[in-house]
Participant: 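This structure is in structure tokens; I'll ask about it shortly.
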Amino acid sequence: MATKCKDYNFHEIEPFWQSFWEENRSFRAENDSSKPKYYVLDMFPYPSGAGLHVGHPEGYTATDIMARYKRAKGFNVLHPIGWDAFGLPAEQHAVKTGTHPAANTRNNITNFKRQIKAFGFSYDWEREIDTTDPKYFRWTQWIFLQLFKRGLAYVDERPVWWCPELRTVLANEEVVDGKSEVGGYPVERRNLRQWVLRITAYAERLLADLKEVDWPDSTKRMQEAWIGRSEGAEILFQLEHSSAGPLKIFTTRPDTLFGCTYMVLAPEHPLVEPLTTPAQKAAVDDYKKKAAGKSDLERTDLSKDKSGVFSGSYAINPVNGARVPIWIADYVLMGYGTGAIMAVPAHDERDHEFAVRYALPVVQVIASPKEPGQDGATVLPYTGDGQLIQSGTYNDLDWREAKRRITADLASRQLGRATVNYKLRDWLFSRQRYWGEPFPIVWVGEADYQRVAAARPGGLPTDPVTFTSDGVRHFALPVPEGALPLELPPVQSYLPSGSGESPLANETAWLEIWFNHTTGAAVPASQPRPAGEAWVSGRRETNTMPQWAGSCWYYLRYLDPRNDHAIASPEALRYWGTPDLYVGGAEHAVLHLLYARFWHKVLFDLGIVPESEPFRKLFHQGIILGEDGEKMSKSRGNVANPDTIIASHGTDALRLYLMFLGPLEAMKPWNPRGIEGVLRFLQKVWRECLTDEGASNPKISDTAAEPAELTKLLHETIRKVGDDIEALRFNTAISQMMIFANALQKTPQVTRATILAFLQLLAPFAPHIAEELWNRLKGGAASVMLAPWPQFDPARLTVTEVKLVFQVNGKHRGDQIVPLGLPEVEAVKIASLHPKIAPYLQGKILKRVVYVPGKILNLVVGE
RNA sequence: GCCCGGGUGGCGGAAUGGUAGACGCUGGGGACUUAAAAUCCCCUGACUGUAAAGUCAUGCGGGUUCGAGUCCCGCCCCGGGCACCA
């Protein structure tokens, strides 16, 4: 039941045990188990054509150690893997080669799977999932329909990022510095009809519930910043002449209302036109045109000067009746708040910069309690706290109090109210691409929609989702859940149309249909309308979903991956709950992790999942850099390939080294020579267990006279390795095992029990060699994984003697082994007689003694 | 600009406010060997010293403390995130 090799031949051992595990289905998670569950999850990979580099298995090794450790601790462990396989690269490849992206995806998955399997990770391969499998995306579409029915999905024509090169729109989050995150192509603004998910409806809960999760602080802070909650007030300013109605602005500083010296509208604000006076019209039109022509990169580039133009109109300050000029400037964004602000140049840096440029008045209304300039005046702009001045009846109030009072007073006059604003925008959810989940939506006319609505109460959103084009209003009708999945039709070309529609728009027979709204059946519109009430004329949605869709809920599908009736059975959802540990890169801090939380909360509200947060404990593995300390990339030629390393050093050595490099969360450079050290460690363990002939090392026996120090070290090692695994400190766990192996080597006799316990500790890290040695030393017994995790005996860890460090005036001057619990008087006596200490005390007065029993004795002396 | 994280030997890194540098790599010396590889032993932060030992040393400058890599204040550098959100 093991290999026959005499030396440590990982080429033989590793495949042997990998087949053994596969044949014995060793890593199968049981859905009906009486054991406690432990669910440990990796962020599933996008199977790219480039294959794995050593960065990928870093996190996977960490979770694998945890999974194997928890199994040994008696847990029923769910440790799954799958493929996030929709996405742009496969489609780009399809456009280039004309082959179906599914074919390319399949090849990439095969390659990834081969590479991942070579690591011997303890995945339950029977639960493998693939987001592009219709049996999987059926449920992605199903969840979308739940969002749709709840009014959380809608269609809107809005300015979106359009990437001409990729021929698609991108989400805000996919645009970095004016370029596409994928490929780095330039992007521009276009108005297009888009599906949008109402994530803002969950903004408050997404923010508040961050308090409940055990995540890295930096990630929580990033999500907080992304959601960007700010409290303030909406205030109505009457207009001097225009009947265009009051001007509504948002501010977080209602306390500075008396310092408002001008207003600003975003160039896209609907009141810009009515408020522009004839005299200013030419200048305003010119400015609007310029602003619209600017790329967002130019508009958001802080280094540029602020610009704007006067509208010619005035507003009235609701607190003092002051006449305030209304300007138009692109430093105010239409997408946030009301798209209009009151400008308080004395207390806002941006307003101040603008006021200086256009010579607008600056009125200070907050007195700074400190930091006056050289002439005693406050340096403006001043954005700190203080008391109100030049503010009528509000003078001398603390700004916080003034905020409340002014807001309340305006509210009582119907001129304002306290509000909360978020930076978070609704989630742009459609892509003009082929390789994604099709939307299960058919667009129909108003009359047909009304008929269906009457026939299917409850199956549609309260407010119909519509859009209008060429004066015709189109209504979104969902494909019945029973008709899912809606699969991708074969297409002639994978190239997007370039007009803002996906390649699906060219597939007339699929697109223009007679649609049976009760069964979901469809026949091409070119054919006669089938008989029956349920058939309506429709056009399918041509957009597809973004790659994020499939990864928003995959952790739930693993619980019950072959279920044809639900995303997972209620029993599985209840038993497994959510992952106990989720490990993945920090680059997903806002996107995937925010989207998935949103979907999860919707599913929670629907009563489908029992917990309100998907990932209670999250950990980011760091990045492994190339030898040169730079990010690994093909172009730099500094990519370390796992296949090569496994061939030369074996998987166990690679796994061990990946964990030994440094703290899991740290960014660390790959040093190809460092792996020699861990390989030597494994070879040493091998030699301590077996002779050159492959027989049990004669120093091992059941009745060996094992030194007490080694037994003690074993128990220390059991404790440290266990503690370190729990805390994901794998590097120090490995150090401790090395210390043990070094001691073992110096020990002439050792008990079989000690060796076996050590092999168990090693097993989660280097499972193949551990299995091999365990089997040989136990005489062909079952897998090491079936043995319960060793326990340390606290009694073995107690000591009777300790090394006491002597210090004189805080400096280390010597040490001595002393009995535990030595009284202070005795300690001082021993120290003063100590040959290294005595000279320092010569002729000095002992002024103070600091004694930490068992640790340190510090003698403070003076003249 | 704002918000995080980090700066420890030649290198990766270890250190509940209590012996800084565990463990590993690299380098040097030795043992074994006909020889080499492998293995084992010793040394490997800097400076002074024959040695014993001592001084300095955790990015820089201060501080708290009997005692600071660790806590506090002010800087410098590196990495990440956000970036006109009123």
Side-chain angles (χ1 to χ4, degrees), chain A residues 7 177 216-226 228-230 232 249-253 256 264 266 299-304 306 329-344 347-351 353-354 383 421-425 586-587 589-590 620 622-623 625 629 631 656-657 660-663 665-678 680-681 683-684 687 729 731-742 745-746 803-815 836 839 847-852 854-861:
Chain A
D7 55 357
D177 290 335
D217 269 353
S218 58
T219 303
K220 286 198 201 183
R221 263 189 277 267
M222 266 191 241
Q223 291 217 349
E224 272 167 30
W226 193 262
R229 182 184 201 273
S230 55
I249 61 99
F250 173 75
T251 180
T252 56
R253 296 295 304 273
T256 61
V264 184
R299 252 182 96 163
T300 57
D301 185 358
L302 263 183
S303 64
K304 77 161 178 55
K306 290 190 173 36
D330 65 3
Y331 81 90
V332 170
L333 308 174
M334 194 57 223
Y336 182 77
T338 62
I341 62 156
M342 66 173 200
V344 185
H347 304 291
D348 182 281
E349 290 183 13
R350 298 149 302 182
D351 296 344
E353 188 190 328
F354 191 83
T383 56
N421 253 304
Y422 300 90
K423 288 186 205 172
L424 184 71
R425 309 293 155 82
E587 66 273 20
V590 275
H620 296 308
I623 299 170
L625 304 169
K631 214 167 183 168
L656 215 46
Y657 186 52
F660 187 62
L661 271 177
E665 67 276 19
M667 192 185 271
K668 16 186 204 271
W670 175 257
N671 175 359
R673 269 183 298 195
I675 196 170
E676 305 289 345
V678 293
R680 270 191 281 242
F681 162 68
Q683 283 165 334
K684 183 182 292 182
R687 281 195 310 272
R729 290 187 304 247
N731 54 332
T732 48
I734 294 168
S735 294
Q736 182 66 30
M737 288 190 284
M738 287 174 167
I739 291 169
F740 180 83
N742 290 341
Q745 183 205 302
K746 293 180 177 68
K803 184 156 81 174
L804 185 63
V805 169
F806 299 130
Q807 293 185 345
V808 179
N809 288 343
K811 277 196 198 294
H812 175 219
R813 296 297 180 189
D815 52 54
K836 284 187 179 166
K847 288 160 99 175
R848 183 171 171 185
V849 175
V850 181
Y851 181 50
V852 184
K855 287 244 160 103
I856 204 158
L857 175 73
N858 188 11
L859 303 175
V860 184
V861 299

Participant: Please state the P separation for the pair B/G45 and B/G10 - nearest whole angstrom.
Facilitator: 9 Å

Participant: Please state the P separation for the pair B/U16 and B/G49 - nearest whole angstrom.
Facilitator: 37 Å

Participant: Can you tell me how far C1' in B/U65 sits from the matching atom in B/C72, rounded to whole Å?
Facilitator: 12 Å

Participant: Test side-chain contact (heavy atoms from CB on, under 4.5 Å) on A/Lys836 and A/Phe806 and set out the steps.
Facilitator: CA-CA 9 Å; A/Lys836 284 187 179 166; A/Phe806 299 130; over 6 Å; no

Participant: Report the distance from atom NZ of A/Lys306 to atom C1' of B/A83, rounded to the nearest whole Å.
Facilitator: 12 Å

Participant: Any idea which of B/A14, B/C40, B/U26 is nearest the A/Gln745 side chain?
Facilitator: B/C40

Participant: Verify side-chain contact (heavy atoms from CB on, under 4.5 Å) between A/Tyr331 and A/Ile341, making sure each step is shown before the conclusion.
Facilitator: CA-CA 10 Å; A/Tyr331 81 90; A/Ile341 62 156; 3.9 Å; yes

Participant: When the nearest nucleotide of RNA chain B is assigned to A/Val850 and to A/Gly337 on a heavy-atom basis, which residue is associated with the more 5' position?
Facilitator: A/Val850

Participant: Under a 3.5 Å cut-off for both distances, is B/U65 Watson-Crick or wobble paired, and to whom?
Facilitator: none

Participant: Of the listed nucleotides (B/G54, B/C56, B/U19), which one gets closest to any side-chain atom of A/Gln807?
Facilitator: B/U19

Participant: Once you apply a heavy-atom cut-off of 4.0 Å, does A/Lys803 come out as touching a base, just sugar-phosphate, or nothing?
Facilitator: base

Participant: Watson-Crick or G-U wobble partner for B/C23, using a 3.5 Å limit on both distances?
Facilitator: B/G12

Participant: Between B/U55, B/A86, B/C23, which one does the side chain of A/Ser735 approach most closely?
Facilitator: B/C23

Participant: Between B/G69 and B/A15, how far is it from one C1' atom to the other, in whole Å?
Facilitator: 9 Å

Participant: If the cut-off is 4.0 Å, is A/Lys811 near the phosphate of B/C56, judged by side-chain N/O to OP1 or OP2?
Facilitator: yes

Participant: Quote, to the nearest angstrom, the P distance that separates B/A46 from B/U58.
Facilitator: 15 Å

Participant: Nearest whole Å is fine: how far is B/A37 P from A/Gln683 CD?
Facilitator: 16 Å

Participant: Between B/U26 and B/G21, how far is it from one C1' atom to the other, in whole Å?
Facilitator: 16 Å

Participant: Quick one: which of A/Val861, A/Val860, A/Asn809 gives a side chain to side chain contact (heavy atoms under 4.5 Å, CB included) with A/Arg848?
Facilitator: A/Val860

Participant: So A/Ile675 and A/Phe660, side-chain contact (heavy atoms from CB on, under 4.5 Å) or not? Walk me through it.
Facilitator: CA-CA 9 Å; A/Ile675 196 170; A/Phe660 187 62; over 6 Å; no

Participant: Out of B/G13, B/C4, B/C25, which nucleotide sits closest to the side chain of A/Arg221?
Facilitator: B/C4

Participant: Looking across every strand, which nucleic acid part, if any, lies under 4.0 Å from A/Arg848 by heavy atom: base, sugar-phosphate, or nothing?
Facilitator: base

Participant: Ignoring the backbone of A/Pro663, work out which of B/A14, B/U26, B/G18 is nearest its side chain.
Facilitator: B/A14

Participant: Quick check for you: among B/C3, B/U26, B/C40, whose closest atom lies nearest to any side-chain atom of A/Arg687?
Facilitator: B/C40

Participant: Output, in order, the C-alpha distance, side-chain angles, deciding distance and verdict of side-chain contact (heavy atoms from CB on, under 4.5 Å) for A/Val678 and A/Met738.
Facilitator: CA-CA 9 Å; A/Val678 293; A/Met738 287 174 167; 3.8 Å; yes

Participant: Using Watson-Crick or G-U wobble geometry with both distances below 3.5 Å, tell me the partner of B/G79, or none.
Facilitator: B/C4

Participant: Classify the nucleic acid contact of A/Asn731 as base, sugar-phosphate or nothing, counting any heavy atom under 4.0 Å across all strands shown.
Facilitator: sugar-phosphate

Participant: Quick one: does A/Tyr657's side chain have a donor or acceptor within less than 3.5 Å of a partner on A/Pro672's backbone?
Facilitator: no

Participant: Check every strand shown and say whether A/Val860 touches a base, only sugar-phosphate, or nothing at a heavy-atom separation below 4.0 Å.
Facilitator: sugar-phosphate

Participant: Would you confirm whether A/Asn421, through its side chain, and A/Ser230, through its main-chain N or O, come within 3.5 Å as a donor-acceptor pair?
Facilitator: no

Participant: Counting the atoms with a prime plus P, OP1 and OP2 as sugar-phosphate, which does A/Asn742 contact under 4.0 Å by heavy atoms, base, sugar-phosphate, or nothing?
Facilitator: sugar-phosphate

Participant: Let me know the distance between CZ of A/Arg229 and C1' of B/C3, rounded to the nearest Å.
Facilitator: 19 Å

Participant: Would you indicate, yes or no, if B/U55 has its OP1 or OP2 atom less than 4.0 angstrom from a side-chain nitrogen or oxygen of A/Arg813?
Facilitator: yes

Participant: Please report the distance, rounded to the nearest Å, between CD1 in A/Ile856 and P in B/G67.
Facilitator: 12 Å

Participant: For B/A46, give its Watson-Crick or G-U wobble partner with both distances under 3.5 Å, or none.
Facilitator: B/U55

Participant: Tell me the interatomic distance from A/Lys684, atom NZ, to B/G24, atom C1', rounded to whole angstroms.
Facilitator: 11 Å

Participant: State the pairing partner of B/U39; accept Watson-Crick or G-U wobble contacts with both distances under 3.5 Å, and report none otherwise.
Facilitator: B/A31

Participant: Counting side-chain heavy atoms from CB outward, which of B/G12, B/C23, B/A86 is closest to A/Pro669?
Facilitator: B/G12

Participant: In whole Å, measure the gap between the P atoms of B/A31 and B/G24 for me.
Facilitator: 24 Å

Participant: What interatomic distance, in whole Å, is found between P of B/A51 and the corresponding atom of B/A35?
Facilitator: 33 Å

Participant: Would B/G29 be called syn or anti, given that syn covers angles within 90° of 0?
Facilitator: anti

Participant: Can you tell which of B/G12, B/A53, B/A86 lies closest to the side chain of A/Lys836?
Facilitator: B/A53

Participant: Classify A/Met737 by what it touches in the nucleic acid, base, sugar-phosphate, or nothing, heavy-atom distance under 4.0 Å.
Facilitator: nothing

Participant: Distance-only, no hydrogens or angles: does the A/Lys306 side chain make a donor-acceptor pair with backbone N or O of A/Asp351 under 3.5 Å?
Facilitator: no

Participant: Using whole Å, what does the distance between atom C1' of nucleotide B/G21 and atom CD1 of A/Ile739 come to?
Facilitator: 13 Å

Participant: Checking contacts here: which listed nucleotide (B/C23, B/U19, B/G13) is nearest the side-chain heavy atoms of A/Phe660?
Facilitator: B/C23

Participant: Atom OH of A/Tyr657 and atom P of B/C25: how far apart are they, to the nearest Å?
Facilitator: 10 Å

Participant: Please tell me which of A/Asp348 and A/Asn809 maps to the more 5' nucleotide of RNA chain B, matching each residue to the nucleotide holding its nearest heavy atom.
Facilitator: A/Asn809

Participant: Which nucleotide, if any, forms a Watson-Crick or G-U wobble pair with B/A86, using both distances under 3.5 Å?
Facilitator: none

Participant: Looking for any heavy atom pair under 4.0 Å, which part of the strands does A/Lys746 touch: base, sugar-phosphate only, or nothing?
Facilitator: sugar-phosphate

Participant: With no angle test and no hydrogens, is the base of B/U19 tied to the side chain of A/Lys855 by a donor-acceptor pair under 3.5 Å?
Facilitator: no

Participant: Would you mind telling me which of B/C40, B/U26, B/C23 lies closest to the side-chain atoms of A/Arg673?
Facilitator: B/U26

Participant: Could you give the CG-to-C1' distance, from A/Leu661 to B/G12, as a whole number of Å?
Facilitator: 7 Å

Participant: Taking all heavy atoms of A/Arg729 and all of A/Thr732, pick out the closest pair and write down the distance.
Facilitator: O-OG1, 3.2 Å

